[in-house]
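Each chain gets a letter, A, B and so on, in the order the sequences are listed, and its residues count up from 1. Atoms considered below: every heavy atom in the structure, side chains included; atoms not considered: hydrogens, waters and symmetry mates.
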Number of protein chains: 2
Amino acid sequence: MLDSTFPEVRSLDLFADMSDESYAKLMRGAYLQTFPPHVDLITEGEEADFLHVLVLGSVDLFSSWNNRETSVSIVKPVSTFILAATIRDARYLMSARTMEKSRIVMIPSQDVRAVFDLDAGFARAVVVELASCYRSVIKTTKNLKLRTALERLANYLLSRSKGLNGAQNFSLDLEKRQLASVLGMTPENLSRAFKALQAYGVTVSGENVELSDITELEKFAKPTTLIDDNQT
Amino acid sequence: MLDSTFPEVRSLDLFADMSDESYAKLMRGAYLQTFPPHVDLITEGEEADFLHVLVLGSVDLFSSWNNRETSVSIVKPVSTFILAATIRDARYLMSARTMEKSRIVMIPSQDVRAVFDLDAGFARAVVVELASCYRSVIKTTKNLKLRTALERLANYLLSRSKGLNGAQNFSLDLEKRQLASVLGMTPENLSRAFKALQAYGVTVSGENVELSDITELEKFAKPTTLIDDNQT
DNA sequence: ATAGACGCTTGATAAATATCAAGTGACTGG
DNA sequence: CCAGTCACTTGATATTTATCAAGCGTCTAT
């Protein structure tokens, strides 16, 4: 189905260390598809028939309960999602929808599990990816339980700035209501939180954020690599 | 260091499917140690030199920030903790302390990584374990973001009851302040939450809980396997 | 151009949760 | 057996967060 030399996928960390043969096996039943914005890809509770790899665009992983909905995380290229459900042959715990036009590779879960048993390089990569995802969610939990909404926002802004080489001016890469959902607050509350952070040199106009006094903001936000660093 | 036939460890899911040779290699540098209650085992931020396997007792995985502290999860035998940090050769994201007298196997992280590369059965088990941990934290996140403290408590009680074959009477297996921390609330708030659940047939006296009307409690709590089931 | 949609903001209020301060009761060590 | 400790509870209050209802501004489609 998918040209086995397809470079964007082959060079993914997850697939880079495997044999050509294993890669071919994995891709034999795979689809590469482009989706328009705001399309539902996955509904939580369904069986995990495919591992998804986001090649282009962005995807919102969200979850609903009792008429409430929250965004658990935003996936950016190039990375996989729903890897754990695929491995465990279990149901999806989150729903997924495209946020913009997105290109996605879908690999049948049974092939992922089969190749995992055959190819040690792939197995190793899967473990590293999973461990990384796990640590990332633990950080999210700590963020939610240890900090107020205002502190979460402040640290989010600092983390964005740091990811952009300490830029003092940058654009929010999410709609504000999306950001509010990711941070675990209402859009109204986010709006007020931005105002409250003016006291620490934060100004927002539309998408554009300016951090005029990062030192002061850090004094308030108290960032730590054990919560805010996306790498380690 | 550790008798390689040590049965409590060898029969763990994580080690059951590996060759005797690999197991011996893994255990060569391992320690089996018994700790008294309330002993610090790990401090977050340190390097993950050992994979820990809890054989007996119970361990609190907690985290601190800015003078606040929260319990991320309680580990019961037999299971591992800090697997992800070991795999990634990274720093611990959580601290750990014994809650009661506990027996723990400590395996050097480098041996875990080495054997992972050599033994496919072990690799497979590591992935399954990690995927399971990942899904468990995702559920925690959903629980925190989608529910109020009262709803979390109600679902916790239902989940405990379900785990005991639907028992209507059971004992809390945690101190209340521990439970409060796990559920993301203060002890005072927990105390009031128990009172509020009286309206749904919940009575508590000391450690003992009675759920006199599980149907009514479920109508309030709205449990779902996608958050409350520990297995899937 | 302009009407409408839509995302965001603002204000007023309510609900949820935390904090602080006392009090209660049970267990424990001398 | 008693005093002290400690976990838990209760009450009063403050803070945080959500909800509801308008209003504002921008973008877009006709």
- Note on the structure: Between CZ of A:R177 and P of D:dT19 the distance, given in whole Å, is 16 Å
- State, without any angle test, whether A:E69 and A:S181 hold a side-chain donor-acceptor pair at a distance under 3.5 Å. no
- Query: Rounded to whole angstrom units, what separation is found between the CG atom of B:N66 and the C1' atom of C:dA18?
  - Reply: 15 Å
- Item | Short side-chain N/O contact from A:S191 to OP1 or OP2 of C:dC8, under 4.0 Å | no
- State which of C:dG7, D:dT10, C:dT17 makes the closest approach to the side chain of B:A149. C:dT17
- Side-chain atoms of A:R192 come closest, of D:dC8, C:dT10, C:dG7, to C:dT10
- Item | Donor-acceptor side-chain pairing of B:K76 and B:S58 below 3.5 angstrom | no
- If only side-chain N and O atoms of B:T148 are considered, is one of them under 4.0 Å from the OP1 or OP2 phosphate oxygen of C:dA16? no
- Note on the structure: Here the distance between atom C1' of C:dT17 and atom CG of B:L183, to the nearest Å, is 14 Å
- Task: Please determine, by modelled atom types, if B:R91 and A:T232 share a side-chain donor-acceptor pair under 3.5 angstrom.
- Result: no
- Residue met sooner reading DNA chain D from 5', once A:N189 and B:F194 are mapped to nucleotides: B:F194
- Please check if atom CD in B:E47 has more than 12 non-hydrogen atoms from other residues, nucleotides or ligands closer than 6.0 Å. no
- Task: Choose from D:dC8, C:dG11, D:dG11 the nucleotide whose nearest atom is closest to any side-chain atom of B:K176.
- Result: D:dC8
- Task: May I have the distance from B:E69 (atom CD) to C:dT19 (atom C1'), rounded to whole angstrom?
- Result: 18 Å
- Message: With no hydrogens and no angle check, just 3.5 Å: does a side-chain donor-acceptor pair link B:S71 and B:D60?
- Response: yes
- Between atom CG in A:L190 and atom P in D:dT19, what is the gap in whole Å? 15 Å
- Query: Contact class for B:E188 (heavy atom, under 4.0 Å): base, sugar-phosphate, or nothing?
  - Reply: base
- Using atom CD of A:E151 as one end and atom P of C:dA18 as the other, report the distance to the nearest whole Å. 13 Å
- Which of these nucleotides, C:dT19, D:dA18, D:dC8, is closest to any side-chain atom of A:T186? D:dA18
- Task: Could you check how far CD of A:E207 sits from P of D:dT26, rounded to whole Å?
- Result: 14 Å
